[in-house]
Amino acid sequence: MLHIFVDADACPVKQEVYRVAKRCGLEVTLVSNSWMRIPEEPWLALEVVDDGFDAADDWIVDHVETDDIVITADVPLASRCLKKGAQVIGATGRPFTENNIGQAVATRDLLAELRGAGEITGGPPPITKRDRSLFLQKLDEAIQAVRRRKKRTLS
(Lines give C-alpha, C1' and ligand atoms only; values in the text may rest on other atoms or scores of the structure.)
Protein backbone atom coordinates (compact mmCIF):
# COMPACT_ATOMS: atom_id res chain seq x y z
CA MET A 1 0.00 0.00 0.00
CA LEU A 2 1.29 3.43 -0.96
CA HIS A 3 2.51 5.35 2.08
CA ILE A 4 3.70 8.95 2.42
CA PHE A 5 6.67 9.74 4.67
CA VAL A 6 7.35 13.36 5.60
CA ASP A 7 10.71 14.64 6.82
CA ALA A 8 8.69 16.81 9.15
CA ASP A 9 10.99 19.01 11.23
CA ALA A 10 11.18 21.89 8.75
CA CYS A 11 8.51 20.83 6.25
CA PRO A 12 6.35 23.83 5.24
CA VAL A 13 3.76 21.78 3.32
CA LYS A 14 2.40 19.42 6.00
CA GLN A 15 -1.13 20.81 5.67
CA GLU A 16 -1.07 20.17 1.92
CA VAL A 17 0.07 16.58 2.54
CA TYR A 18 -2.79 16.07 5.00
CA ARG A 19 -5.38 17.31 2.50
CA VAL A 20 -4.14 15.14 -0.36
CA ALA A 21 -3.68 12.05 1.80
CA LYS A 22 -7.17 12.36 3.25
CA ARG A 23 -8.71 12.80 -0.20
CA CYS A 24 -6.76 9.83 -1.59
CA GLY A 25 -7.16 7.57 1.44
CA LEU A 26 -3.44 7.25 2.13
CA GLU A 27 -1.49 6.76 5.33
CA VAL A 28 1.09 9.38 6.31
CA THR A 29 3.97 9.15 8.76
CA LEU A 30 5.66 12.35 9.87
CA VAL A 31 9.18 11.74 11.14
CA SER A 32 10.67 14.30 13.48
CA ASN A 33 13.36 14.80 16.11
CA SER A 34 10.81 16.40 18.45
CA TRP A 35 7.14 16.13 19.26
CA MET A 36 4.76 18.30 17.26
CA ARG A 37 1.02 18.67 17.21
CA ILE A 38 -0.69 16.84 14.35
CA PRO A 39 -4.36 16.30 13.57
CA GLU A 40 -5.89 13.28 15.30
CA GLU A 41 -6.60 11.04 12.33
CA PRO A 42 -6.30 7.25 12.12
CA TRP A 43 -4.28 7.50 8.88
CA LEU A 44 -1.75 9.97 10.33
CA ALA A 45 1.17 9.04 12.61
CA LEU A 46 4.04 10.92 14.19
CA GLU A 47 7.32 9.07 14.71
CA VAL A 48 9.64 10.96 17.07
CA VAL A 49 13.23 9.71 16.74
CA ASP A 50 16.38 10.29 18.75
CA ASP A 51 18.04 13.65 18.36
CA GLY A 52 21.09 12.02 16.77
CA PHE A 53 22.61 13.15 13.50
CA ASP A 54 20.45 11.89 10.60
CA ALA A 55 18.21 9.88 12.96
CA ALA A 56 15.03 10.97 11.13
CA ASP A 57 16.64 10.28 7.74
CA ASP A 58 17.78 6.84 8.86
CA TRP A 59 14.31 5.99 10.19
CA ILE A 60 12.68 6.99 6.90
CA VAL A 61 15.18 4.99 4.83
CA ASP A 62 14.68 1.96 7.07
CA HIS A 63 10.88 2.06 6.60
CA VAL A 64 10.34 3.36 3.05
CA GLU A 65 9.47 0.84 0.37
CA THR A 66 9.31 0.85 -3.41
CA ASP A 67 6.67 3.32 -4.68
CA ASP A 68 6.20 5.03 -1.32
CA ILE A 69 6.39 8.83 -1.47
CA VAL A 70 8.86 10.84 0.59
CA ILE A 71 8.51 14.58 1.15
CA THR A 72 11.85 16.22 1.96
CA ALA A 73 14.16 19.08 1.06
CA ASP A 74 17.15 17.01 2.25
CA VAL A 75 19.11 16.05 -0.87
CA PRO A 76 21.12 13.18 0.68
CA LEU A 77 17.89 11.71 2.11
CA ALA A 78 16.24 12.07 -1.30
CA SER A 79 19.12 10.17 -2.90
CA ARG A 80 18.89 7.35 -0.36
CA CYS A 81 15.12 7.03 -0.84
CA LEU A 82 15.42 7.00 -4.63
CA LYS A 83 17.81 4.06 -4.33
CA LYS A 84 15.06 2.18 -2.47
CA GLY A 85 12.57 2.86 -5.29
CA ALA A 86 10.58 5.62 -3.58
CA GLN A 87 9.16 8.72 -5.24
CA VAL A 88 10.66 11.88 -3.69
CA ILE A 89 9.25 15.40 -3.83
CA GLY A 90 10.68 18.60 -2.38
CA ALA A 91 8.49 21.10 -0.55
CA THR A 92 8.52 23.46 -3.55
CA GLY A 93 7.13 20.70 -5.77
CA ARG A 94 10.42 19.77 -7.39
CA PRO A 95 10.56 16.01 -7.79
CA PHE A 96 13.89 14.33 -7.18
CA THR A 97 14.61 11.70 -9.81
CA GLU A 98 17.46 9.46 -10.89
CA ASN A 99 18.04 11.98 -13.70
CA ASN A 100 18.42 15.06 -11.50
CA ILE A 101 19.69 13.81 -8.13
CA GLY A 102 23.36 14.04 -9.16
CA GLN A 103 22.96 17.71 -10.06
CA ALA A 104 21.02 18.33 -6.83
CA VAL A 105 23.84 16.80 -4.77
CA ALA A 106 26.46 18.87 -6.62
CA THR A 107 24.45 22.09 -6.16
CA ARG A 108 23.96 21.32 -2.46
CA ASP A 109 27.70 20.75 -2.00
CA LEU A 110 28.58 23.97 -3.86
CA LEU A 111 26.14 26.03 -1.80
CA ALA A 112 27.48 24.50 1.43
CA GLU A 113 31.00 25.47 0.37
CA LEU A 114 29.89 29.03 -0.45
CA ARG A 115 28.09 29.34 2.88
CA GLY A 116 31.19 28.04 4.67
CA ALA A 117 33.28 30.71 2.94
CA GLY A 118 30.80 33.42 3.94
CA GLU A 119 29.79 34.10 0.34
CA ILE A 120 26.14 33.19 1.02
CA THR A 121 24.23 33.87 4.21
CA GLY A 122 20.73 32.88 5.20
CA GLY A 123 18.65 29.92 4.15
CA PRO A 124 16.35 29.15 1.28
CA PRO A 125 13.71 31.67 0.25
CA PRO A 126 10.28 31.35 1.88
CA ILE A 127 7.82 29.06 0.14
CA THR A 128 5.37 30.86 -2.15
CA LYS A 129 1.76 30.20 -3.13
CA ARG A 130 3.07 29.08 -6.52
CA ASP A 131 5.43 26.61 -4.79
CA ARG A 132 2.50 25.22 -2.77
CA SER A 133 0.40 24.87 -5.89
CA LEU A 134 3.21 23.09 -7.74
CA PHE A 135 3.78 20.84 -4.73
CA LEU A 136 0.11 19.82 -4.69
CA GLN A 137 0.22 19.11 -8.43
CA LYS A 138 3.41 17.02 -8.22
CA LEU A 139 2.19 15.09 -5.17
CA ASP A 140 -1.06 14.25 -6.95
CA GLU A 141 0.87 13.23 -10.10
CA ALA A 142 3.17 10.97 -8.06
CA ILE A 143 0.22 9.27 -6.35
CA GLN A 144 -1.58 8.68 -9.65
CA ALA A 145 1.59 7.36 -11.33
CA VAL A 146 2.18 4.85 -8.52
CA ARG A 147 -1.45 3.75 -8.58
CA ARG A 148 -1.34 3.22 -12.37
CA ARG A 149 1.88 1.23 -12.06
CA LYS A 150 0.45 -0.97 -9.28
CA LYS A 151 -2.76 -1.51 -11.26
CA ARG A 152 -0.74 -2.68 -14.28
CA THR A 153 1.30 -5.11 -12.20
CA LEU A 154 -1.87 -6.57 -10.65
CA SER A 155 -3.46 -7.12 -14.07
- request: Treat each ILVMFWY residue as a node, draw an edge where side-chain heavy atoms are under 4.5 Å apart, and state whether W35 and V6 are in one component.
  value: yes
query: Between V75 and L82, is there a shared hydrophobic cluster once you connect ILVMFWY residues whose side-chain heavy atoms come closer than 4.5 Å?
result: yes
task: Specify the closest pair of heavy atoms between C24 and D140, including all atoms of both residues, with the distance to one decimal.
output: SG-OD1, 4.4 Å
- prompt: Can you tell me if T29 and H63 form a side-chain donor-acceptor pair at under 3.5 Å?
  reply: no
- prompt: Got V70 and F96 here, is their nearest side-chain heavy-atom distance under 4.5 Å?
  reply: no
field: Salt-bridge criterion met for E16 and R132 (N-O under 4.0 Å)
entry: yes
- request: Give, for atom CD of Q15 and atom CG of L136, the distance between the pair rounded to the nearest 0.5 Å.
  value: 11.5 Å
Flag side-chain contact, heavy atom, 4.5 Å: D68 against I4: no
field: Short side-chain to backbone donor-acceptor contact, T128 and D131, under 3.5 Å
entry: yes
- request: Ignoring hydrogens and angles, tell me if any N or O in the side chain of N33 forms a donor-acceptor pair with the backbone of D50 under 3.5 Å.
  value: yes
task: Scan side-chain atoms only and decide if D7 and T72 contain a donor-acceptor pair under the 3.5 Å cut-off.
output: yes
task: Report yes if the side chains of E47 and I60 come closer than 4.5 Å at any heavy-atom pair, otherwise no.
output: no
query: side-chain contact (heavy atoms from CB on, under 4.5 Å) with I69: which of V17, V20, I143?
result: I143
message: The criterion is salt bridge (charged side-chain N to carboxylate O under 4.0 Å, His left out); which residues satisfy it with E141, sequence neighbours excluded?
response: K138
field: V28-L2 co-clustered via ILVMFWY side chain contacts under 4.5 Å
entry: yes
field: Contacts of type side-chain hydrogen bond (donor to acceptor under 3.5 Å, both in side chains), residue D58, not counting sequence neighbours
entry: R80
message: So which atom in Y18 and which in W43 form the shortest heavy-atom distance, rounded to 0.1 Å?
response: O-CH2, 3.5 Å
field: Close side-chain approach of V64 to H3, heavy-atom, < 4.5 Å
entry: no
- prompt: Given side chains that start at C-beta, do those of L139 and I71 come closer than 4.5 Å, heavy atoms only?
  reply: yes
query: Taking the side chain from D54 and the backbone from D57, do they hold a donor-acceptor pair closer than 3.5 Å?
result: no
query: Heavy atoms, side chains only, cut-off 4.5 Å: are L44 and L30 in contact?
result: yes
query: Just wondering, more than 12 heavy atoms not from R130 lying within 6.0 Å of its CZ?
result: no
message: Quick one, P95 and V88 - any side-chain contact, counting heavy atoms below 4.5 Å?
response: no
field: Inter-residue atom distance E65.CD - F5.CZ, 0.5 Å rounding
entry: 7.0 Å
message: Test your reading of the model: is there a side-chain donor-acceptor pair from K84 to the backbone of T66, 3.5 Å cut-off?
response: no
Any Q87 side-chain heavy atom under 4.5 Å of C81 side chain: no
Residue pair A91 / V13: nearest heavy atoms and the distance that separates them: O-CG1, 3.6 Å
